[in-house]
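What follows is a single structure, written as structure tokens, with notes after it.
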Amino acid sequence: MTIQEQYDLLEKTILSYNPQADIPQIQAAFEFATKCHDGQKRKSGEPYIIHPLAVAQIVAEELKLDSESIEAALLHDCIEDTQATHDQISKLFSPTVADLVEGVSKLTRIQYATKEDEQMENLRKMLIAMSKDIRVILIKISDRLHNMRTMEYQTPEKQKQKSLETMEIYAPIAHRLGMQRIKWELEDLSLKYLDPIGFEEIVSKLDAKRQEYDAFMNKTQEQIEQRLTELSIDHRVYGRMKHPYSIYRKMFNQNKQLDEIFDLFAFRVIVDSVGDCYNVLGVIHDIYKPILGRFKDYIGTPKPNGYQSLHTTVMGTDGIPFEVQIRTREMHEIAEYGVAAHWKYKQGGVGGGTEGRYEWVRRLLENQEGTDAEEYIHSLKVDMFSDEVFVFTPNGDVTNLPAGATPIDFAYSVHSAVGNHMIGAKVNSRIVTLDSTLKNGDIVEIITSKAAKGPSRDWMKIARSSEARSKIRQWFKKEKREENIANGRSAFEAELKHCGIPMKDVLDPEVLPGLLKRVAYGSIDELYAAIGYGGFTAQKAVSRMQGELNRVAKLHQAEKAAQDLAAAEEKTEEKSTAPAPKAVKSEQGIIVEGLDNCLVKFSKCCTPVPGDEIVGFITRGYGVSVHRCDCPNASLERRSLPGQEGRWIKVSWGTDVNEKYQTSVELVCKDRQNLLLDISAALSTTNAFVMGIQSRSTEDKFAIFHIDISVHDGKHLRDIMNKLNQVSGVLKVTRPAG
Ligand code: MN
């Protein structure tokens with residue numbers, strides 16, 4: 001066929017379903033595209049215009065779209081591959097046509113990498129969301145169909161890559177849009193390149209039996225129709241054969257041979273009423289022998305997506321089994337065109353039952369039967385994902401965010417530490433302001449710094465996602481609080497030192513509640529936090545506690561004096577037979593007040609090391625478990641729970657501490673090459689004994705390390721944490737607790 005003949009066929013096809021088509025504009029688009037692509041050749045050596053012309057033919061023949069879509073199909077590669085611009089097309093044709101062409105070009109530019117299922121799902125959604133106008137995706141699918149049909153001229157590498165993409169992205173979209181025929185063709189063409197041997201095997205087997213199969217189909221259809229006519233049941237009967245890819249999948253998944261597939265042939269009988277459905281079932285089972293266990297009543301028990309039908313498999317003449325689906329016209333329409341219902345089911349019911357949202361899909365599909373083309377174009381607005389935006393992370397993963405989302409939302413969707421350390425953002429490699437709105441297909445990169453001050457209050461107003469907002473709120477509550485507590489604590493400690501009161505006297509579980517009552521705070525942290533942000537002063541706190549503290553300090557002094565005296569006496573009366581005063585003896589370096597030789601273990605939740613402030617908990621049968629005072633499991637609230645008070649006990653570090661204490665640190669890092677190597681290197685300079693490193697990556701390039709080490713004491717641990725903090729990429733080093 002010459003190019004002109006091909007074009008004439010296109011006009012003829014269009015006029016057959018749309019007599020009002022704007023033929024002069026379509027012709028102008030054809031001529032403009034011919035001029036634009038002049039001199040360009042396809043891989044096959046043919047003039048390039050063959051391709052847009054063929055795409056337009058698919059758009060007309062298969063989808064029966066309006067004039068603007070045909071024009072856009074003819075022009076679809078002009079912006080991408082030639083000098084033509086959006087402006088030019090907008091002036092010569094219409095802004096809508098220019099938008100459609102631009103839309104198709106945008107989709108062409110997306111780079112896909114094979115990802116896990118969830119990612120593919122997001123990619124598909126993004127494509128549809130990016131299309132804005134459903135016609136864009138319809139033209140794009142037609143474009144892909146023609147490219148797949150002519151894939152033989154591409155390199156084997158390109159064939160595989162495009163086929164995979166088609167299989168994973170375009171065929172599922174075609175399926176959802178109810179374009180079953182195009183979906184099958186896309187799948188079969190892809191399979192041909194993805195598994196040439198498997199494909200060839202199926203096709204040649206089918207070809208060998210083609211005549212036999214055709215004869216069987218015709219005969220069976222006749223038999224059924226004849227019986228139904230005799231019984232005056234109004235009916236339509238359609239027969240179809242499974243297409244190669246679905247045969248392939250069945251053979252592959254269920255490890256079956258071609259002749260073991262029961263539903264290679266299927267017939268569909270459409271009748272007027274539910275009563276007739278069961279009548280037809282009886283008729284079918286009367287003509288053919290049903291295969292046991294293959295009858296399914298989806299009318300009595302519809303599938304979760306609303307699908308209704310009777311399915312049965314019977315043995316046909318010549319021993320060929322086939323499936324029969326029986327349903328009413330209404331059920332058929334829902335089954336064939338109910339993409340919306342199907343879609344919603346797949347999405348797990350997102351969208352909250354708003355039938356109206358999916359109205360356009362139903363309209364689109366109804367109209368594929370070829371009625372009023374003009375009318376239906378107006379319903380082709382994609383609003384399915386209008387409340388979501390899909391963006392890429394730098395390594396190509398797709399993240400979906402609420403529409404209007406900003407880099408702040410993106411950062412917090414990666415990890416709260418990323419958001420909290422954000423100092424800037426890049427969109428498509430350009431620095432942008434943090435309040436800029438992200439668009440579908442944007443590649444977003446977050447710039448972080450260890451020195452970042454954390455989120456500002458304004459971010460709460462800028463962020464669109466509730467996830468980001470709540471993480472920011474948490475930061476203000478917690479991170480700021482930690483800072484306040486740390487500041488407040490050092491001020492308080494300094495003041496105590498100034499007054500000559502040891503910290504441990506304050507933290508004495510017997511004394512602390514009384515002290516806190518005097519300053520009217522619920523916990524020591526609350527007191528610190530208040531001092532930290534300036535709501536209270538350390539001087540005031542200490543002076544209010546003074547009376548009680550003096551009493552305790554004196555008590556301790558007396559105790560110490562008594563001990564010293566005892567020790568001195570012991571020294572001088574070494575040979576004395578008198579009972580020796582109790583020496584302070586420790587277990588694993590821990591002195592448990594009032595208890596000797598008791599079993600001591602370090603709690604797994606906060607892994608204390610010498611130097612940490614600690615408290616003991618008398619477990620049932622396992623001795624004393626030692627916690628850090630700042631461990632959430634040993635919080636003052638916990639300690640004062642009913643039944644718990646008596647079990648918390650004062651413990652302290654002895655002088656005869658062990659060599660090694662097991663503990664762990666957690667690192668939040670911006671991932672990069674050799675990060676683990678550098679962390680290991682840093683650890684090796686600290687003389688720490690590393691017992692294990694577990695790492696996990698967040699969705700974006702952030703890594704969280706959990707390192708189990710053994711250390712000598714608190715100072716050693718702090719040294720290690722400092723060293724780790726200096727490794728480039730490390731955002732935060734903490735001791736996990738609780
Ligand atoms: Mn193209």
Side-chain angles (χ1 to χ4, degrees), residues 1 3 6-7 9-10 13-14 26 29-63 65 68-86 88-89 93 96-112 123 127-128 130-155 157-171 173-174 177 179 182-183 185-186 189-190 193 441:
M1 212 185 311
I3 292 171
Q6 179 80 53
Y7 175 74
L9 174 67
L10 175 64
T13 310
I14 297 165
I26 291 170
F30 170 57
E31 281 159 11
F32 183 83
T34 307
K35 220 165 67 206
C36 280
H37 292 297
D38 188 35
Q40 292 179 352
K41 293 238 183 298
R42 301 207 84 211
K43 284 264 157 54
S44 61
E46 297 167 299
Y48 195 87
I49 188 69
I50 292 280
H51 167 64
L53 202 47
V55 173
Q57 183 66 31
I58 296 170
V59 167
E61 204 173 296
E62 303 262 1
L63 305 169
L65 295 190
E68 287 182 313
S69 304
I70 306 285
E71 291 161 41
L74 288 165
L75 299 167
H76 82 267
D77 277 331
C78 282
I79 291 184
E80 193 64 10
D81 296 345
T82 79
Q83 303 293 317
T85 62
H86 182 280
Q88 208 175 359
I89 294 175
F93 301 95
T96 308
V97 173
D99 285 348
L100 291 175
V101 175
E102 175 79 26
V104 175
S105 306
K106 253 196 214 152
L107 298 190
T108 306
R109 273 177 234 137
I110 290 186
Q111 295 291 318
Y112 317 89
L123 264 176
L127 241 63
I128 292 172
M130 272 180 83
S131 304
K132 288 202 190 85
D133 188 324
I134 190 77
R135 289 176 291 182
V136 169
I137 194 89
L138 297 179
I139 295 167
K140 184 65 204 168
I141 288 173
S142 306
D143 175 43
R144 176 50 61 99
L145 179 58
H146 184 247
N147 283 334
M148 288 303 298
R149 282 177 182 169
T150 52
M151 196 51 80
E152 61 197 279
Y153 302 103
Q154 299 289 349
T155 62
E157 198 177 77
K158 188 124 184 178
Q159 288 172 343
K160 282 236 157 53
Q161 182 215 329
K162 291 282 163 195
S163 298
L164 202 60
E165 210 175 277
T166 302
M167 197 67 107
E168 291 182 321
I169 308 267
Y170 290 100
I173 292 178
L177 296 178
M179 298 144 69
I182 289 184
K183 176 209 165 204
E185 192 179 343
L186 287 173
L189 288 167
S190 302
Y193 297 105

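Atoms within a ligand are numbered from 1 in the order they appear, just like the ligands themselves.
Among the candidates Leu145, Leu138, Ile173, the single residue satisfying the side-chain contact (heavy atoms from CB on, under 4.5 Å) test with Ile182 is Leu145.
Looking only at N/O/S atoms, His51 comes nearest to the Mn ion (ligand 1) through NE2. Closest N/O/S atom of Asp143 to the Mn ion (ligand 1): OD1.
Side chains of His37 and His51: no donor on one and acceptor on the other come within 3.5 Å. Between the side chains of Tyr48 and Asp38, no donor N or O sits under 3.5 Å from an acceptor N or O.
One finds an angle of 80° at the Mn ion (ligand 1) between NE2 on His76 and OD2 on Asp77, to the nearest 10 degrees.
Note on ring orientation: taking the six-membered ring where Trp is involved, the planes of Phe30 and Tyr7 are parallel (angle under 30°, cut-offs 30° and 60°).
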